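See structure below.
As the structure is a computational prediction, the values presented were derived from the model and not from experiment. Nothing fancy with the numbering, it's 1 onward along the sequence.
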Amino acid sequence: MYHGRVSRGLHRRAGWDGVYQPGASSRSRPDCGSEYRPDVIAIQEAQFPAKTVTRIPGFQPPVVTRRGRGRAAGVAAKGDDVAIYVRGGLSFALLDRLVSPDDDTIEACGIRILDFDRPLDTFNIYRPPIRNTEEDEREDRFDPRALPANDTALLVGDVNAHHPLWDPLLHFGEHCSRLRRKVKPRVAQLRKLTARSWGLQEPQLRTVANGYVRGALEYAAAAWLPAASESHVELLEREMRATPRVVTGCPISTPRDPLMAEAGMVPVRARREALAVRLTATAASQRSDDPLREVAARTAPRRLRTTTGWRDVGREALTRLGLQETPVEERLHITLPPWADCSGVAIRLDVGAAVSREARDEVHRVAAEEHLATLPDQATWIWSDGSAEGGVASGGGGALITLPSGEERTTRTPAGAVCSSTRAELVAMRAALEEVQQLEDATSATPLVLCTDSQAAFATLATGAGEQRTTQGAEIWRLLLAAPDRPTWLQWVPAHCGLPGNERADELAKEASSLPQAAAPVDVRSLTKAVGRAASKAWRDRWPDSFFRRIMRDRFPTPVLNETREDAVNVHQLRAGHLGLSTSYLHRIGRHPTPTCQQCEDLKCPAALCLVCREEADTPEHVLLHCPCLAGMRLRLFGNIHPDATRLRDGEAVAALARGFLRHREPAGYGRP
């Protein structure tokens, strides 16, 4: 009911001798005749007889509150009474208004001891189990704000163990069922935005699907999804697969893995580890006294062997990647004020002249040099660059600093074992600005020019000092504003075009990326993405052998752009292996019967043969790689009438082949069914 630690705290604060805990063993139960003599006994679920109460020797008659109502109208209330016993000789008064007036389910009683230096109120509260079933008609009106909260009040009882959402098996079955009911109408609304021949473009459909549908399903999922049972996760998977069917237009019989991949989504199971790591890393990024960090650091015992929590899943995922000891960068607790004066900092994302991206390096270099010549020569110049292996790992930032006196300094800073290229660029800029701050007076008015080839990093900073949501971005702005009288230019320059400063910074960044990364802190976003990539890669490695696997190997298909909605649907269906317009598919589902065969799954059945060549069934593989009627088109598109299956990753080429195949079918009278 309440622990010995609570009893000792009560003894220290009020001078009470102890608290009796019903159901405790004889070794732990206090002896009322010994020196350890309780003054007050609080009992729950006492189940007294209907018209009498149990007396305890040496104590006054108890203060009792009985159950007011049953689970439904006409159902008798079982006696789960609460009671408080006060030792004989102590003066006390009854307390009323213990809970909200409209709460008819909570059992509560309270007393005020009057014999101490200051009154001490004791409340005994029991919250009965309110089941989420048709048989239980009670409403949960418990309001914790109605409970007293002061130095002279002691609350004992049970208010959480029978919460309506309490799941004794920890499989979150009821929660998953509610999520399904919540997601179904959202999928229906998404379905209204598109069809086979009209609707939103695929990028917009993906955005709505991930934000509106998946966002609802994964709300607070880091706390419950790692502990959900496999059977209930499968229910969510089924609901989630309805979303990619809308995005891609694929039929319900499409295999699961190609369906999810064509929509650019991963299964719910593949998201468990990333969500758990995000919560684990978020806890580690808090201050040392933050409650979430303290909870994450604990090792909670498992109630069930088959149940794991977000802490276990997160730690195991980081261990598999060798990141379990990686320090996490402390999150930004206080942002810079939005009224900070940033007028002294100019951010330029071009070099003035409109130079095509396809122009030669010499053209880019000449344009950059002409633009840089307009900036102050007597200034502190910083050339910074970031490097990350594959853009995701072993980050490093390097910078070349040239002072007005001509003296040169260099910095090399590791950016973390997992790191994006943009973060490496920000780390390089921050390290360079900190070096300049140490070399010069904080009130220096010497102009500052910072050049880098990362537009993404400058675009992050261009939102302003008060809009920075990352530690690196906020720290860079703090350093820039430390000298308010210093004119500052943040200038983008084209990469690898022969600018000496940029080339030198690139070398320094590569050297920095090879430095030890163990002590370099990593931000929450980078850790989450690293685990998400690993989980996605593991899922793609498990794809079964199929026509889709031969096309994509272990890669995600790119969105189908610059095509009509109908062409995009054809591309997805052909690559996924289920073309809804093919004769073999229609015959298999009974939509293309013949006098000799109404319906079958035999691909050698005459009713399933290609209507154009009549050589074999018109499966997606036949249409895209083998059909003789499209040999000329394959030759024009791929330079070979028998191209490798990986060439079908090109959505525009697949759309062209689909249009050609359907045109060949029209003279035979077989258009769209």
Side-chain angles (χ1 to χ4, degrees), residues 342-388 391 395-404 406 408-411 413 415 420-433 435-436 445-465 467-468 470 472-473 476-477 479-481 483 486-510 512-513:
C342 305
S343 58
V345 180
I347 302 178
R348 298 180 178 179
L349 300 179
D350 56 57
V351 291
V355 180
S356 172
R357 293 174 61 91
E358 289 74 23
R360 293 177 300 154
D361 291 344
E362 183 179 356
V363 176
H364 286 285
R365 179 178 56 79
V366 171
E369 289 177 344
E370 291 178 354
H371 181 72
L372 294 175
T374 64
L375 299 177
D377 184 53
Q378 288 297 315
T380 299
W381 282 71
I382 299 175
W383 294 84
S384 68
D385 199 4
S387 175
L400 172 66
I401 304 172
T402 304
L403 302 177
E408 291 186 351
R409 296 291 185 93
T410 59
T411 62
T413 310
S420 65
S421 299
T422 301
R423 175 175 168 80
E425 297 277 359
L426 294 174
V427 169
M429 284 189 274
R430 175 181 176 178
L433 291 172
E435 182 72 13
V436 170
T446 304
L448 175 67
V449 180
L450 193 157
C451 300
T452 189
D453 57 15
S454 174
Q455 286 198 349
F458 276 164
T460 301
L461 298 175
T463 57
E467 295 298 323
Q468 300 303 309
T470 65
Q472 296 294 330
I476 288 174
W477 266 110
L479 293 168
L480 291 173
L481 300 178
R486 180 204 296 271
T488 303
W489 288 266
L490 304 184
Q491 177 64 56
W492 172 81
V493 294
H496 309 298
C497 64
L499 293 173
N502 179 254
E503 297 295 334
R504 177 60 176 148
D506 181 68
E507 295 175 359
L508 295 172
K510 292 179 179 178
S513 64

Show the numbers, then the answer: is there a side-chain contact (heavy atoms from CB on, under 4.5 Å) between Leu450 and Ser384? CA-CA 7 Å; Leu450 193 157; Ser384 68; 3.8 Å; yes
Please evaluate residues Thr374 and Trp489 with respect to the criterion side-chain contact (heavy atoms from CB on, under 4.5 Å), reporting the C-alpha separation (whole Å), side-chain torsions for both, the decisive distance (0.1 Å), and the verdict. CA-CA 11 Å; Thr374 64; Trp489 288 266; over 6 Å; no
Where is the tightest heavy-atom contact between Ala368 and Pro494, given as atom of each residue plus distance? CB-CD, 3.8 Å
Leu480 and Leu490: side-chain contact (heavy atoms from CB on, under 4.5 Å), yes or no, with the steps? CA-CA 10 Å; Leu480 291 173; Leu490 304 184; 4.1 Å; yes
Calculate, to the nearest 0.5 Å, the distance between atoms CG and SG belonging to Asp385 and Cys451 respectively. 11.5 Å
Between Arg504 and Glu507, does the salt bridge (charged side-chain N to carboxylate O under 4.0 Å, His left out) criterion hold? Intermediate values first, please. CA-CA 5 Å; Arg504 177 60 176 148; Glu507 295 175 359; 3.5 Å; yes
Considering residues at least two apart in sequence or located in another chain, which fulfil the salt bridge (charged side-chain N to carboxylate O under 4.0 Å, His left out) criterion with Arg348? none
Given side chains that start at C-beta, do those of Gln491 and Val351 come closer than 4.5 Å, heavy atoms only? yes
Hey, is the main chain of Gly386 close enough, under 3.5 Å, to the side chain of Glu425 for a donor-acceptor pair? yes
Measure the spacing between CD1 of Ile382 and OG1 of Thr488 and express it to the nearest 0.5 Å. 9.0 Å
Restricting to non-hydrogen atoms, name the atom on Ala495 and the atom on Asp453 that form the minimum distance, rounded to 0.1 Å. CB-OD2, 3.3 Å
So how far is it from Cys497 SG to Glu369 CD, rounded to the nearest 0.5 Å? 8.0 Å
Output side-chain donor-acceptor pairs under 3.5 Å for residues 454-462, partner residues at least two apart or in another chain, one line each.
from	atom 1	to	atom 2	distance (Å)
Ser454	OG	Ala457	N	3.1
Gln455	NE2	Leu349	O	3.0
Thr460	OG1	Ala456	O	3.0

Can you measure from OG1 (Thr463) to CD (Gln468) and round to the nearest 0.5 angstrom? 4.0 Å
Check for a donor-acceptor pair, side chain of Glu435 on one end and backbone N or O of Arg430 on the other, with a separation under 3.5 Å. no
Quick one: do the Glu358 and Ser356 side chains pair a donor with an acceptor below 3.5 Å? yes
Heavy-atom closest pair (Trp381 atom, Leu372 atom, distance to 0.1 Å) is CH2-O, 3.9 Å
Non-hydrogen atoms of Leu448 and Thr380 that approach each other most closely: CD1-O, 3.3 Å
Measure across Ala465 and Cys342 and return the closest heavy-atom pair with its distance rounded to 0.1 Å. CB-SG, 3.7 Å
Leu508/Thr411 under side-chain contact (heavy atoms from CB on, under 4.5 Å): CA gap, chis, key distance, verdict: CA-CA 8 Å; Leu508 295 172; Thr411 62; over 6 Å; no
OG1 of Thr413 to CE of Met429, rounded to nearest 0.5 Å, is 12.5 Å
Do you know which two heavy atoms are closest between Glu503 and His496, and how far apart they sit? OE2-CA, 3.2 Å
Between the CG atom in Leu400 and the CZ atom in Arg409, the distance rounded to the nearest 0.5 Å is 12.0 Å
